[in-house]
Amino acid sequence: MSERIPLENVRNIGIIAHIDAGKTTTTERILFYTGVIHKMGTVDEGNAVMDWMEQEQERGITITAATTTCFWQDKKINIIDTPGHVDFTVEVERSLKVLDGAVVVLCGCSSVQSQTETVWRQADRYHVPRLAFVNKIDRLGANFDQVLVDIHERLGANAAPIYFPDGAEDKFIGIIDILNEQYITYTDAEGMEMVREEVPAEFKERLQAYRHTLIERLADADDQIMEKFVEGKPISGDEIKHAIRRAVVKSQFLPVLVGTSLRNRGVQLLLDAICDYLPSPLDVPPIAGTTLKGGEPVERKADPNEPFTALVFKIATDPYVGKIFYTRIYAGRITSGSTTFNSVVQARERISKIVVMHANKQEIVSDAEVGEIVALVGLKETKSGHTLCDEKNPILLESMDFPEPVVSMSIEPKSKSDQDKLGLTLRKFLDEDPSLKVKYDKDTGQTIISGMGELHLEIIIDRMRREFNLECEIGRPEVAYHEAITQKVSDVVGKFISQTGGRGQYGHCVIDVEPATERGQGIVFVNKIKGGAIPREFVPAIEKGIREQALTGILAGYPVTDFTVTLIDGSYHDVDSSEIAFMLAGKIALREALAKGKSAFMEPVMDLEVTAPEDFMGSVIGDLNTRRAKIVSLGNRGKLKVARCEVPLAEMFNYAGAVRSLTQGRASSAMQPAFYAQVPNNVAEKIKGEREDGKSKK
């Protein structure tokens with residue numbers, strides 16, 4: 001067995017941020033300084049190691065989360081570089097699920113942006129300890145203190161800097177180390193030679209002010225510092241350092257660093273902070289799961305001698321080896337050629353190969369153990385979110401929730417011979433990407449793909465063409481509308497009776513239907529049949545009928561979601577009752593309930609943030625008003641104005657181009673799904689009309 005790095009020296013971290021904050025450039029510099037690569041690439045030139053997909057290189061954005069491993073000091077750092085674009089937020093979600101820590105990259109001039117808030121909330125949900133790195137401090141409009149204010153106000157973080165910059169924009173010269181009270185400059189363009197000197201006199205006062213704030217904020221998170229702070233005792237740099245680590249591991253403090261990755265300044269300090277402050281697998285709580293029988297809580301400690309426990313968090317297709325399964329190992333160890341157990345589908349899986357990924361390059365290893373992030377080859381039944389474990393000690397880890405798609409488009413192969421190829425290709429994408437959905441529309445005879453945004457679907461179609469040589473006719477993007485019942489209805493009868501000679505069909509059920517108490521609940525089915533009014537074996541058929549009917553609704557064929565159905569009564573016939581009869585009765589009952597409960601169209605509403613110079617903000621607001629936008633807030637970010645609003649997705653196709661035209665290219669915008677809301681009546685009628693037209697053309 002190969003020599004292992006002690007677990008306390010392992011760091012599993014992610015780089016997370018808003019699009020264009022500099023995540024990939026920061027990761028590229030980390031790989032350079034740790035000796036993984038010997039030439040630094042850039043996103044603009046399309047030669048960054050972590051952006052290996054053609055689509056990433058052409059667009060200058062990260063699309064898929066890429067993993068790699070590097071070493072700094074005596075620590076092993078497994079890194080996942082995640083996308084910043086909202087359409088690929090599922091990549092961030094599943095990465096954070098398996099990480100022990102994260103670096104939040106913030107742009108020195110744009111500060112905390114909308115997608116920063118989203119990834120921050122995702123990290124909160126998974127209790128991931130974080131550091132913040134204020135990047136691009138050399139860019140026009142950079143303001144370190146304003147970023148600190150926004151971190152407190154918009155992220156609600158207990159944060160304080162451990163470094164601050166000497167100057168900003170083109171006057172950025174060096175970095176002041178608050179803990180060690182040193183002034184840091186670089187003597188070469190590549191940032192390899194770092195010089196530490198005494199802090200110049202003009203920074204002493206500012207240094208003490210930052211140091212006081214740091215101790216004050218730490219005192220809120222750490223009892224040992226609080227005690228000394230209250231008693232007015234001196235606190236050494238080492239004591240502060242240990243306290244920062246304790247507070248970060250508990251997710252109660254956010255150290256803030258500063259630099260400019262593109263100009264190779266501050267990245268080694270970030271590497272030091274990752275090693276010093278972010279947790280090892282031993283510092284985070286044991287992974288929690290449940291037993292297969294009885295669902296009892298059970299834990300696995302980060303220990304190679306514990307029963308093997310791992311989570312498959314991502315699947316990708318490799319042109320040479322087929323499917324590879326990205327896996328985080330929480331306990332125990334595995335070897336190549338061994339068999340493991342998938343506790344979700346309760347099937348044995350053989351591991352034919354174990355590889356460590358470096359972006360899209362693979363390094364074959366013979367074994368892997370607790371604390372490692374590896375890719376497995378050879379699994380057959382496993383999907384994203386599945387647990388792999390020791391068959392004699394099975395455990396079920398919590399799976400992942402993925403957001404509902406908001407944009408759909410039709411897709412048809414250009415030739416009949418490509419029809420089967422389309423099905424196989426889409427199946428591969430569905431395995432890789434849980435946020436992609438595919439359905440066949442019987443009314444129009446079209447295959448409909450649904451995803452997180454226009455760009456998401458655009459990338460899927462581009463990959464079909466390049467990777468699978470599949471040319472398709474594409475419909476225009478459409479909003480993924482839903483239907484929802486708006487009021488409770490009781491005692492709704494569904495009855496299916498058919499007598500055509502010989503044995504008949506008889507199914508009869510009575511249901512109550514009410515809107516969900518919270519968004520995203522889906523369909524909840526409750527069986528309250530008493531006294532055998534309907535035999536138990538027919539109840540699943542009623543539920544199946546209800547769920548099938550919910551796929552198409554009653555208004556215009558859109559799915560119905562977020563409601564609770566309670567089965568309260570019914571009857572059966574000794575001879576004529578069958579599963580199919582009760583399934584059809586369930587469908588009839590739901591159709592009746594939707595009509596009585598005033599089913600309405602629901603549309604995805606986006607949280608939009610637009611940043612523009614003050615001169616153009618009037619035009620921007622005027623345009624947003626024509627798009628049914630509700631302005632939530634107006635504020636300032638440096639010399640720019642910022643508008644936050646809630647706006648229906650249906651009004652936002654091609655908005656980026658429109659807002660650029662309005663502002664001579666000087667505005668930027670970012671949006672993300674917020675919630676579903678009821679469509680106004682006039683818009684609902686228009687949707688119905690367009691849907692009918694689409695069917696009649698077919």
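FYI, side chains are in, hydrogens and waters are out, and symmetry mates aren't considered; it's all heavy atoms of this structure.
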Thr340 side-chain N/O to Leu388 backbone N/O, donor-acceptor pair under 3.5 Å: no

Gap between atom CG of Leu270 and atom OH of Tyr33 - 0.5 Å precision: 11.5 Å

Under 3.5 Å: donor-acceptor pair, side chain of Glu412, backbone of Glu473: no

Main-chain N/O of Leu31 paired with Thr34 side-chain donor or acceptor, under 3.5 Å: yes

Working for side chain to side chain contact (heavy atoms under 4.5 Å, CB included), residues Thr69 and Ile79: CA-CA 6 Å; Thr69 300; Ile79 302 173; over 6 Å; no

With sequence neighbours excluded, residues passing salt bridge (Lys or Arg N to Asp or Glu O under 4.0 Å) with Glu8: none

Backbone N/O of Lys380 and side chain of Glu349: donor-acceptor pair under 3.5 Å: yes

N/O donor-acceptor pair under 3.5 Å between Arg130 side chain and Ala102 backbone: no

Ile364: partners by side chain to side chain contact (heavy atoms under 4.5 Å, CB included), with sequence neighbours left out: Lys353, Val355

Reported CG-to-CG distance for the pair Asn9 and Asp74, which is rounded to 0.5 angstrom: 4.5 Å

Residues which pass side chain to side chain contact (heavy atoms under 4.5 Å, CB included) with Glu543, listed by chain and number, not counting sequence neighbours: Phe525, Arg547

Reported OG1-to-CD1 distance for the pair Thr291 and Ile395, which is rounded to 0.5 angstrom: 9.0 Å

Ile77 and Leu271, any side-chain heavy atoms less than 4.5 Å apart: yes

Heavy-atom side-chain proximity of Leu262 to Arg29 below 4.5 angstrom: yes

Sub-4.5 Å side-chain heavy-atom contact between Met464 and Ile411: yes

Test item: Phe313 and Thr327 side chains (from C-beta on) under 4.5 Å apart, heavy atoms: no

More than 12 heavy atoms of other groups within 6.0 Å of Asn469 CG: no

If you look only at distance, which donor and acceptor atoms sit under 3.5 Å apart when one is on a side chain in residues 243-255 and the other is two or more places apart or in another chain?
{"residue": "Arg245", "atom": "NH1", "partner": "Asp276", "partner atom": "O", "Å": "3.1"}
{"residue": "Arg245", "atom": "NH1", "partner": "Leu278", "partner atom": "O", "Å": "3.0"}
{"residue": "Arg245", "atom": "NH2", "partner": "Asp283", "partner atom": "OD2", "Å": "2.4"}
{"residue": "Arg246", "atom": "NE", "partner": "Asp222", "partner atom": "OD1", "Å": "2.8"}
{"residue": "Arg246", "atom": "NH2", "partner": "Asp222", "partner atom": "OD1", "Å": "3.3"}
{"residue": "Arg246", "atom": "NH2", "partner": "Asp222", "partner atom": "OD2", "Å": "3.0"}
{"residue": "Arg246", "atom": "NH2", "partner": "Gln224", "partner atom": "OE1", "Å": "3.4"}
{"residue": "Lys250", "atom": "NZ", "partner": "Ala221", "partner atom": "O", "Å": "3.4"}

Test item: side-chain donor near acceptor, Asn12 and Glu372, under 3.5 Å: no

Qualifying residues under side chain to side chain contact (heavy atoms under 4.5 Å, CB included), relative to Pro307, sequence neighbours excluded: Arg300, Asp390, Asn393

Test item: side-chain donor near acceptor, Ser450 and Ser408, under 3.5 Å: yes

Contacts of type ring pair (Phe, Tyr, Trp, His ring centres under 6.0 Å), residue Phe341, not counting sequence neighbours: none

Backbone N/O of Ser336 and side chain of Ser338: donor-acceptor pair under 3.5 Å: no

Neighbour count >12 (heavy atoms, 6.0 Å) for atom CZ, Arg121: yes

Non-hydrogen side-chain atoms of Leu7 and Val370 separated by less than 4.5 Å: yes

Heavy-atom neighbours of Lys241 NZ exceed 12 at 6.0 Å: no

Close side-chain approach of Leu376 to Ile334, heavy-atom, < 4.5 Å: yes

Side chain Asn135, main chain Ser261, donor-acceptor under 3.5 Å: yes

Close side-chain approach of Leu155 to Glu117, heavy-atom, < 4.5 Å: yes

Any donor-acceptor N or O pair under 3.5 Å, side chains Asn78, Arg11: no

Main-chain N/O of Asp272 paired with Lys75 side-chain donor or acceptor, under 3.5 Å: no

Residue from Thr339, Thr335, Val377, Leu379 passing side-chain contact (heavy atoms from CB on, under 4.5 Å) with Ile351: Leu379

Check: Arg333 main-chain N/O paired with Asp367 side-chain donor or acceptor under 3.5 Å: no

Beyond-backbone contact of Val438 with Phe429, side-chain heavy atoms, under 4.5 angstrom: no

Any donor-acceptor N/O pair, Arg350 side chain to Arg348 backbone, under 3.5 Å: no

Glu398, CD atom: more than 12 neighbouring heavy atoms under 6.0 Å: no

Pair Arg465 + Asp462: basic N to acidic O under 4.0 Å: yes

Stacked cation flag Lys97 on Tyr126, 6.0 angstrom / 45 deg: no

